[in-house]
Amino acid sequence: MSKKIAVLPGDGIGVEIVDQAVKVLECLKKDFGLNVEMEHALVGGSAYDDSGSPLPEATLNLAKEADAVLLGAVGGYKWESLDIAVRPEKGLLGLRSELELFANLRPAILYPQLAHASTLKEEVVSGLDIMIVRELTGGIYFGQPRGIRTLENNEKQGFNTLIYKESEVERIAHVAFETAMKRDKRLCSIDKANVLECTELWREVMIRVAQQYPEVELSHMYVDNAAMQLVRAPKQFDVMVTNNMFGDILSDCAAMLTGSIGMLPSASMDKNQKGMYEPIHGSAPDIAGQDMANPLATILSVAMMLRYSLGAEELAVKIENAVDTVLNQNLRTADIYTEGDVKVGTSAMGDAVVSALKA
Ligand code: NAD
C-alpha cells in the first residue's frame, strides 16, 4: 500500500527548497520503486493570507492522516506585525504539538568537502558528527502560565514557565539513549541543574533511565559550558539531549560548525515513528525568490524521512550518496561557495542531485 506524504512548503525559500525535495521524491518513485503519494497544503504566512489561520484545519487533518510530513519553513517580514496568535510560527508550533512530535533529531555532520566553509579551524571541525536530541513539545515554549501583565505600579512584566513532567523527560531520554545505542554510545545530557529546579528533575530522570542502558556512557553538562564546548572542542560529543529552549539554541550553534545552516536536516518524531521532516533553517526572506537558497538540508530531510518513517533505509543512503556526489562535483549554492567552486542556483542543485541519483 502506498504511503502518504503531506507536503507543506510554507513561506519564503520554503517553496523553492521543497520543490527540489519533491523532484528527488518523484525520481525515487519513478526510477526506484518508492511507493508514496504526495499531497500539498498551505501552512504559515501563506496559509494566513489564504484563510486567516497559519494552520488551517485542512492542513492539520492532512498532516494527521499522512505517514510523514515534509515541511519547508514558515515566516517572513510581511507577517511580523501580526498578533502572536496568528503569526506563521504558530502554524509550526501547532503542528508539533497537535502531532505530538516530542523528539527532534538534529544531526550536525560536517561534509569533508565543506570543512573550509566552517568559521572554525578545519582541525576543530573535520570529521564532526553530532546528533542533538531536543525535546520539542514541552518546556518553556509551551509552559503555562505565560504572558505579559501589568503590575500595580503600571509597569509591565513578561513571564513564561519552564515546566516538565517526569514522563515527558523519560520519553525523550529513551529516544536519546536508543539513538546513542546506534552510534558511539556516549550521551551528554545538557541542563542547568545548578540553578533551575526543573532541570534538576531532568537530570534525576536521565540518571534513572540510564540504568536501562548500561552500555551507554551518560555524562551531564551545564548549558553555558555546553555552548562553550561546542565551539571549543565539538568532536567530544556523540549524542546530546536537552530541553526545548536549550536545544533550539545549541542546535543552531552546532549547525554553524558545519559551514552552513543550509546543509542540516531534522526530524521531529512522535512515539510511533511518524515524523515531520524539515531543514533546520527558516524561510530566509532575505534571499527568497532569487534561486539562491541551498536545498540540500531539505533533500537530506527526505533521507531522514525515508529512514525513520517510511522504512526505506536503502533509498535514504542513496540520497545521502547523491548529495556527496554533487559536493564532489564542486557544485555549490552561494552559502557554501568559495572561489574555484561551480556556483549553482537552487533549482540547478536539485537537478544535480536527481542526476546523481540516476547515475
Ligand atoms: P533563517 O534561517 O531564515 O535565515 C538566517 C540566515 O541564513 C539568512 O541570512 C538566510 O539567508 C540564511 N539561510 C537560511 N537558510 C538558507 C538556505 N537554505 N540557503 C542559504 N542561506 C540560508 O533565520 P531568520 O532570518 O532568523 O528567520 C527568518 C524567518 O524564518 C523568520 O520569520 C523566522 O521566524 C522564520 N523561521 C522559521 C523556522 C522554521 O520554519 N522552522 C525556523 C527559524 C526561523
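These numbers come from the heavy atoms of this one structure, side chains and all, not from hydrogens, waters or symmetry mates. Start at 1 and go down the list; that is how both ligands and their atoms are numbered.
Here the side chains of Thr242 and Val223 are not in contact, with every heavy-atom distance at 4.5 Å or above. At a threshold of 4.5 Å between non-hydrogen side-chain atoms, the residues Leu93 and Phe142 count as touching.
With Phe237 as the fixed residue, the side chain to side chain contact (heavy atoms under 4.5 Å, CB included) test singles out one of Leu128, Leu250, Leu230: Leu230.
By the 4.5 Å side-chain criterion applied to Ile, Leu, Val, Met, Phe, Trp and Tyr, Leu82 is assigned to a cluster that also includes Tyr48, Trp79, Val86.
Under the side-chain hydrogen bond (donor to acceptor under 3.5 Å, both in side chains) criterion, the residue pairs touching residues 261-271 are Asn104-Ser268, with sequence neighbours excluded.
Protein residues lining ligand 1, listed by chain and number: Ile13, Ala73, Val74, Gly75, Gly76, Glu89, Leu92, Ile261, Gly262, Glu278, His281, Gly282, Ser283, Ala284, Pro285, Asp286, Ile287, Ala293, Asn294, Asp335 [non-hydrogen atoms, distance under 4.0 Å].
Residues passing the ring pair (Phe, Tyr, Trp, His ring centres under 6.0 Å) test with His174, sequence neighbours excluded: Tyr213.
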